There are 2 protein chains.
Amino acid sequence: MPPPDPTDADLASDLVVHAARLVRAVRRELELPAGIRVISLLDEHGALGVTQLAAADRCSQPTMSALVSQLVERGWVTKAPNPDDARGSVVALTDAGGAELAVVRRRHGERIAALVADHPALTTEDLATAVAVLRGVLEKGNPS
Amino acid sequence: MPPPDPTDADLASDLVVHAARLVRAVRRELELPAGIRVISLLDEHGALGVTQLAAADRCSQPTMSALVSQLVERGWVTKAPNPDDARGSVVALTDAGGAELAVVRRRHGERIAALVADHPALTTEDLATAVAVLRGVLEKGNPS
DNA sequence: CGACGATACATAGCAAACCTATGTAGTTCC
DNA sequence: GGAACTACATAGGTTTGCTATGTATCGTCG
């Protein structure tokens, strides 16, 4: 008999390995700076504090601090003190940041979408499913 | 009216960002050494040369050289000269490497599969679809 | 057969992305 | 008003990965 159907566990580990491969492939050929994830978060959720951003991006707080600093320097986000809590900050997307996000999205979109379109067996719905799976896996343990 | 359906391009760029997020989340909480990708490749395709591995993993040849060296040190792969071509090598998985792969697979599988199972809207089929999408996107421009 | 270009790898040097540990200022709660 | 907690910054180090370049082998062609 042929090998048995892959279990969820098999699929899950393949998911991770292939995701890692994809990320590196994209970084090589299209560039995927870490800051994009942050900008993407701000675009999706609106202004947030550094710690909230770190939680949402699943990285450590110091990492997010550094990322935000870089983004501020580039003018893609602003960091203001939180008026309700002097410890905290409020990081917000600037117009320039939004524009940059649009540019990167388009670059990635064009390239990846072309590959998917090229693949007879892959539909837009499949792509949506893949994103939903990733999103679902990520949102766990991350009660926003 | 609500926002329009996301285009392929939107989905594709979300795919990349979320994949990056997933990879980092997994690296933080479960550990995902770079060598796993190589072992996984060898398990799937059998013994290969360094350059072939680099192409399959979508990384540079020097990166793969370094990865293979590490794996040899750990005893997870062997590197022998290619009898048909004195320039080349043949990298093969050892039993220990296969065992390690199984361990990591199980760790990842358990954790991720649990998250998916927890998610009412995600089925095993969805997971399979997600893997197929990633695989499809990756195999392009990489005629093995 | 000998030179020349291509191929397979290795080495060197460097940059990006992260993390842990720790310090500091502000908040909360008794 | 002091202890415990929270938000963020800084320091230092690791992993991952790339480009540039060198070396040995292969293939080919005159």
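Since the structure is predicted, the reported quantities are computational estimates derived from the model, not experimental observations. Hydrogens, waters and symmetry mates play no part in the numbers below; they use all other heavy atoms, side chains included. Quick note on labels: first sequence line is chain A, next is B, and so on, each numbered from 1.
With 3.5 Å as the limit, one finds no donor-acceptor pair spanning the side chains of B:Ser69 and B:Glu73. With hydrogens and angles left out, the side-chain atoms of A:Thr129 and B:Asp126 include no donor and acceptor closer than 3.5 Å.
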Requested in this report: Could you go through the salt bridge (Lys or Arg N to Asp or Glu O under 4.0 Å) check for B:Glu44 and A:Arg21 one step at a time?
Outcome: CA-CA 15 Å; B:Glu44 188 173 342; A:Arg21 211 115 68 194; 5.0 Å; no
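Between B:Asn82 atom CG and C:dC9 atom P there is a gap of 8 Å when expressed in whole angstrom units. Distance, A:Leu48 CG to D:dC8 C1': 15 Å, rounded to whole Å. Across the protein-nucleic acid pair, B:Leu32 atom CG and D:dT16 atom P stand 8 Å apart, rounded to whole Å. Note: CD (A:Gln70) to C1' (D:dC8) measures 16 Å, nearest angstrom. Here the C1' atom of nucleotide C:dC9 and the CG atom of B:Leu71 are 16 Å apart, to the nearest Å. Summarising the geometry, the separation between CD1 on B:Ile36 and C1' on D:dT16 is reported as 15 Å, rounded to the nearest angstrom. Distance A:Glu31 CD to D:dG17 P: 17 Å, rounded to the nearest Å.
One hydrophobic cluster holds both A:Val91 and A:Val72 under the rule that ILVMFWY side chains link at heavy-atom gaps under 4.5 Å.
Atom CD of A:Glu125 is surrounded by 12 or fewer heavy atoms from other residues, nucleotides or ligands within 6.0 Å.
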**Report entry** Nucleic acid footprint by protein, nucleotides 18-30 of chain C - heavy-atom cut-off 4.0 Å, B for base, S for sugar-phosphate alone
**Finding:** SBBB----BS---
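Mapping A:Val50 and B:Pro33 onto DNA chain D by nearest heavy atom places A:Val50 at the nucleotide closer to the 5' end. Comparing B:Ser89 and A:Gly35 by the nucleotide of DNA chain C that holds the closest heavy atom to each, the one mapping nearer the 5' end is B:Ser89.
For the helix from C:dC1-D:dG30 to C:dC30-D:dG1, the terminal axes (five pairs an end, C1' atoms, rotation from four pairs onto the next four) enclose an angle of 20°, given to 10 degrees.
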For residues 95-116 of chain A, please give each side-chain donor-acceptor pair under 3.5 Å, one per line with the distance, not counting sequence neighbours.
unit_1: A:Arg105; atom_1: NH1; unit_2: B:Ser13; atom_2: OG; d: 3.2
unit_1: A:Arg105; atom_1: NH1; unit_2: B:Asp14; atom_2: OD1; d: 2.9
unit_1: A:His108; atom_1: NE2; unit_2: A:Glu31; atom_2: O; d: 3.2
unit_1: A:Arg111; atom_1: NE; unit_2: A:Glu29; atom_2: OE2; d: 2.4
unit_1: A:Arg111; atom_1: NH2; unit_2: A:Glu29; atom_2: OE2; d: 2.5

